[in-house]
**Q** 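Mind having a look at this structure? Questions to follow.
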Amino acid sequence: MRMSPRGAMVLLLIAIGFVMPVAAAEMKPGAHAVASAHPLATEAGLEVLAAGGNAFDAAVAVSSTLAVVEPTGSGLGGGGFWLLHRASDGFETFVDGRETAPAAAHERMYQDASGTAIAKRSRDGALAAAIPGEPAALEHLAKRYGRLGLARALQPAIRAARDGFACDVKLAEAFAAQWGRLDAEARRVFAVDGRAPRAGEAIVQPDLARTLERIAADGAPGFYEGPTGAALVAGSVAGGGVWTLDDLRHYRVVERRPTVSWFHGLRIVSAPPPSAGGITLGTTLGQLEALGWKPDQGARSKHLLIEALRRAYRDRAAYLGDPDFVRIPTTALLSTSYARTLAAGIDPNRATPSASLPPADPSPQGPQTTHFSVLDAEGNRVAGTLSVNLPFGAGAMAPGTGVLLNDEMDDFAASTTASNAYGLIGSVPNRVQPNKRPLSSMSPTFVEGPRGLLVLGTPGGSRIITMVLIGLLAWDSGADALGVVSQPRFHHQYLPDVVMFEPGAIDPEEQKQLADMGHVLKPLKDTYGNLHAVSWDPAHGKVEAASDPRGVGAARVVPVR
Ligand code: DON
């Protein structure tokens with residue numbers, strides 16, 4: 001049938017004016033879903049959603065509540081990444097609230113006179129702390145994307161800090177393990193009867209409540225300036241740090257374009273530099289695609305995955321850093337041709353010793369953190385991964401603020417030979433420079449494909465990327481949200497040249513086969529990670545949320561009429 005241009009136009013208008021809204025209406029999840037590392041944070045997200053907020057308001061409520069109830073993992077003194085998707089127009093963006101090095105930072109600040117890195121200096125105490133990004137990011141999220149305003153979204157966090165909350169088992173374990181690392185102010189704030197809090201005991205943080213109230217009243221300047229800003233600088237300097245009021249005043253959130261990679265028809269939207277997540281995921285998946293990888297071939301599947309990771313993590317060390325300071329060949333690293341080249345170097349029967357790959361430093365001269373996933377009934381979504389780096393960050397608290405300082409400076413390469421707390425090596429692109437963001441592994445991720453949508457992420461330092469990878473591969477193989485967060489985990493990161501794995505993650509026969517291929521296996525005594533996922537299957541109208549059984553988190557789906 002031939003159609004006149006006018007007829008075609010009428011059809012087009014019908015399509016735009018009638019079919020699209022119906023289709024769009026059908027494409028709404030019709031339920032709110034929140035999964036986070038703590039039940040109170042999940043409830044905080046649902047509370048602001050019930051009050052008419054959207055997923056972005058919920059992200060502010062969840063993030064700020066986690067800052068209160070999970071001080072091991074994230075906080076106002078830290079930073080994070082928030083990956084957003086807006087349903088009304090499909091806009092997606094990456095809100096980079098990563099900490100920045102203070103202006104007085106320099107390449108040798110964590111080295112002794114002979115140039116050897118001194119790990120303690122970049123991990124414990126105020127010198128380890130970079131300028132926090134979370135308060136600025138919370139304001140940015142609320143102002144630019146939220147509906148309810150910052151003050152409303154911060155209410156659950158303020159209540160939890162002011163009225164207190166019950167210490168959970170994991171937090172009690174962390175206090176017991178880290179009590180000796182915390183400074184006098186942090187111990188004063190958290191102590192119950194002069195000792196570390198135990199499970200079930202109330203933790204009340206009036207100073208932190210006041211700091212949150214200042215942010216609620218004045219926005220980010222309530223943190224970076226005025227009495228809180230002054231107290232933060234005083235705390236830093238008293239603890240041997242180098243922060244200035246100018247450092248705080250100059251902190252800026254940056255919006256970046258997320259990385260997009262493809263695997264088996266899945267579209268994977270993830271964290272761009274200064275995270276290594278999106279590129280490392282993309283390079284790994286590109287190699288698997290080139291190899292025709294299948295998940296169900298026992299030791300062979302694991303071998304190929306390990307080899308792909310080895311090469312992707314080598315590139316992490318060689319090329320990645322803060323994109324505002326170094327040129328990163330993102331397009332080339334994510335290209336099919338590059339993935340094919342890397343994959344061609346993989347021996348299907350033998351491990352390639354990492355030492356035999358070109359060194360990661362082409363120019364030598366030159367379990368904590370937290371994640372949450374939110375989907376609202378309209379289809380807006382947020383994957384947020386936030387951190388203060390090691391448990392309780394630097395262990396130092398600026399007196400009077402309730403704010404624990406991060407030790408994110410350890411994510412820089414302190415020297416060209418040193419590895420950081422996660423055993424990661426780095427090179428020139430990730431050296432310490434003033435006002436620079438340390439390279440991160442945090443990887444808030446969306447996966448879109450024939451089964452719908454998956455929102456996921458986890459803490460776990462360098463292992464974050466392999467956990468997200470294993471989770472999305474499981475989803476591709478048919479796992480539901482609970483299956484995704486529960487997957488047994490193994491990991492390889494180029495150097496150290498070992499395959500680490502959770503108890504039971506690699507069966508004894510596969511272990512033997514992998515060892516015969518030349519892999520060095522390192523069984524771990526404990527499980528790791530704390531992955532939180534939300535999924536939506538529009539074809540079946542199904543929304544799911546799941547929290548990692550390894551943690552104490554909570555996931556809930558609330559249908560909305
Ligand atoms: O940004 C990073 O990669 C690290 N600071 C994250 C630390 C972390 O996940 C610790 N968790 N167990």
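Here the structure is a predicted model, which means the values were calculated and not measured. Whatever order the structure lists them in is the order used to number ligands and atoms, beginning at 1.
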**Q** Roughly how far, to the nearest 0.5 Å, is CG of L439 from CG of L320?
**A**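 Interatomic distance, L320 CG to L439 CG, rounded to 0.5 Å: 5.5 Å.
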**Q** Which one holds for L390 and ligand 1: side chain close, backbone close, both close, or neither close, with close meaning a heavy atom under 4.0 Å?
**A** neither
**Q** Write out all pairs satisfying salt bridge (Lys or Arg N to Asp or Glu O under 4.0 Å) with one or both partners inside residues 61-85, taking only residues at least two apart or from two chains.
**A** none
**Q** I need the atoms of ligand 1 closer than 4.0 Å to a non-hydrogen atom of I464, numbered in the order shown.
**A** 9 (O)
**Q** Indicate, as side chain, backbone, both or neither, the part of S441 found under 4.0 angstrom from ligand 1 when only non-hydrogen atoms are considered.
**A** both
**Q** Return yes or no for this condition: an N or O of G461 is under 3.5 Å from an N or O of ligand 1.
**A** yes
**Q** Check whether any N or O atom of G460, backbone or side chain, sits under 3.5 Å from an N or O atom of ligand 1, and answer yes or no.
**A** yes
**Q** With atoms numbered from 1 as shown, which atoms in ligand 1 lie under 4.0 angstrom from a non-hydrogen atom of N389?
**A**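 Selected atoms, number and element: 4 (C), 5 (N), 7 (C), 10 (C).
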**Q** With R316 as the cation and Y494 as the aromatic partner, state whether NZ or CZ is under 6.0 Å from the six-membered ring centre and within 45° of the axis.
**A**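 No, R316 does not lie over the aromatic ring of Y494.
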**Q** Do any N/O atoms on Y422 end up under 3.5 angstrom from N/O atoms on ligand 1?
**A** no
**Q** To the nearest 0.5 angstrom, please state how far the CZ atom of R556 sits from the OG1 atom of T42.
**A** 9.0 Å
**Q** In Å, rounded to the nearest 0.5 Å, how long is the span from CZ of F490 to CD of E502?
**A** 11.0 Å
**Q** Looking only at heavy atoms, is any part of R98 under 4.0 Å from ligand 1, and if so is it the side chain, the backbone, or both, or is it neither?
**A**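 It is the side chain that gets close, since no backbone atom is under 4.0 Å.
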**Q** Please list, in number order, the atoms of ligand 1 under 4.0 Å from a heavy atom of E408.
**A** 1 (O), 4 (C), 5 (N)
**Q** Answer yes or no on whether R463 is positioned over the face of Y528, meaning its NZ or CZ is under 6.0 Å from the six-membered ring centre and within 45° of the axis.
**A** yes
**Q** So how far is it from L285 CG to S270 OG, rounded to the nearest 0.5 Å?
**A** 10.0 Å
